[in-house]
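The next block holds one structure in the form of structure tokens; read it before the comments.
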Amino acid sequence: MSTTQSERLRGLLEPLVSARDLDLEEVEVTPAGKRRVLRIVVDSDDGVQLDTCAELSRAISQSLDESDAMGQTPYVLEVTSPGAERPLTEQRHYRRATGRLMKAQLVEGGELIARIIAVDDEGLDLEVPGVKGRKPTARRLAFKEISKARVEIEFNRKPEGDESKEEA
């Protein structure tokens, strides 16, 4: 997608997304056979409900029909929320992932898997899981120390305060 088209689409979409108290995370146009797919990713601190995506999709579709932002080539519109393993690139992404496990590639090399405990303007307070029965340790990580990060999916996470099943 050209920068000009991207800017035009963002300019058109941002007010529609913001009016629903959502953040416009991504606008992507990709070829799909004789058509294109316009994928719009939105998010909020409270997550995004399916009904909200559907309502926003209708509003965006109408707005796109009234403009020439997509040109004459047919396209498919997809309005969605970020996936479970979305990259963490903005402070708000880390804030929304508080309490979750993340995997970070560090600028100095190596990687770190830790639970996000708190987020502020400079970085993260983390809990690094203990190895081989050791207790977790606290760690501070500045945003500038992170080259890439994403949420790690946990299939067997114990509910908070549920230590009774740990020894079973």
Side-chain angles (χ1 to χ4, degrees), residues 1-105 107 111-124 126 141-157 159-160:
M1 175 170 59
S2 70
T3 304
T4 306
Q5 184 184 29
S6 176
E7 290 169 357
R8 287 185 67 204
L9 285 170
R10 279 195 169 273
L12 183 69
L13 301 173
E14 190 70 50
L16 297 171
V17 173
S18 295
R20 289 158 180 82
D21 294 323
L22 300 170
D23 295 315
L24 181 60
E25 296 290 350
E26 186 180 332
V27 177
E28 179 182 60
V29 178
T30 54
K34 294 180 182 180
R35 297 176 172 236
R36 296 170 293 164
V37 175
L38 171 58
R39 184 170 183 260
I40 299 165
V41 180
V42 295
D43 200 7
S44 79
D45 286 349
D46 301 321
V48 181
Q49 300 298 317
L50 186 59
D51 289 346
T52 304
C53 282
E55 175 194 331
L56 182 58
S57 180
R58 287 188 291 274
I60 290 172
S61 182
Q62 180 180 353
S63 186
L64 289 171
D65 288 348
E66 294 169 358
S67 78
D68 65 344
M70 289 300 292
Q72 298 302 312
T73 307
Y75 65 92
V76 175
L77 175 62
E78 179 183 314
V79 177
T80 186
S81 61
E85 292 187 45
R86 62 110 37 99
L88 302 172
T89 58
E90 304 281 339
Q91 180 183 354
R92 70 177 177 264
H93 299 163
Y94 290 97
R95 188 181 71 247
R96 290 172 183 161
T98 299
R100 309 236 0 233
L101 203 60
M102 73 156 197
K103 182 180 203 175
Q105 302 296 320
V107 171
E111 68 181 28
L112 173 66
I113 297 177
R115 189 165 310 283
I116 301 171
I117 303 301
V119 180
D120 60 33
D121 291 341
E122 283 79 45
L124 314 166
L126 303 170
L141 189 63
F143 290 123
K144 64 183 178 183
E145 296 177 82
I146 303 169
S147 63
K148 289 192 322 188
R150 69 177 51 248
V151 168
E152 284 285 285
I153 302 299
E154 296 179 85
F155 293 106
N156 58 354
R157 183 172 181 199
E160 293 294 322

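Side-chain atoms are counted along with the backbone in the values below, which use heavy atoms only and exclude waters and symmetry mates.
A donor-acceptor pair is defined here as one N or O able to donate and one able to accept, closer than 3.5 Å; no such pair exists between the side chain of R36 and the backbone of T30. Between the side chain of S18 and the backbone N or O of P15 there is no donor-acceptor pair closer than 3.5 Å. Judged by distance alone, with hydrogens and angles left aside, the side-chain atoms of D120 form a donor-acceptor pair with the main-chain N or O of G123 at under 3.5 Å.
In plain terms, the two heavy atoms of L126 and I117 that are nearest each other are C-CG1, 3.9 Å. For A32 against V37, the heavy-atom pair with the smallest separation is CB-CG2, 3.8 Å.
Counting heavy atoms from C-beta outward, E90 and D43 have side chains that stay 4.5 Å or more apart. Using a 4.5 Å heavy-atom threshold, the side chains of L88 and F143 count as separate. Within the 4.5 Å cutoff, the side chain of E28 has no heavy atoms near those of the V41 side chain. Looking at Y94 and I146, their side chains come closer than 4.5 Å, going by heavy atoms from C-beta outward.
Of the candidates R115, K103, R100, E154 forms a salt bridge (charged side-chain N to carboxylate O under 4.0 Å, His left out) with just one, namely R115.
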Begin from the C-alpha positions of L64 and L38 and carry the test side-chain contact (heavy atoms from CB on, under 4.5 Å) through to its verdict. CA-CA 11 Å; L64 289 171; L38 171 58; 3.5 Å; yes
List the steps, then state whether side-chain contact (heavy atoms from CB on, under 4.5 Å) holds for V42 with T52. CA-CA 10 Å; V42 295; T52 304; over 6 Å; no
Under the criterion side-chain contact (heavy atoms from CB on, under 4.5 Å), I'd like the reasoning laid out for K144 against V107: C-alpha separation, chi angles, the key distance, then a yes or no. CA-CA 8 Å; K144 64 183 178 183; V107 171; over 6 Å; no
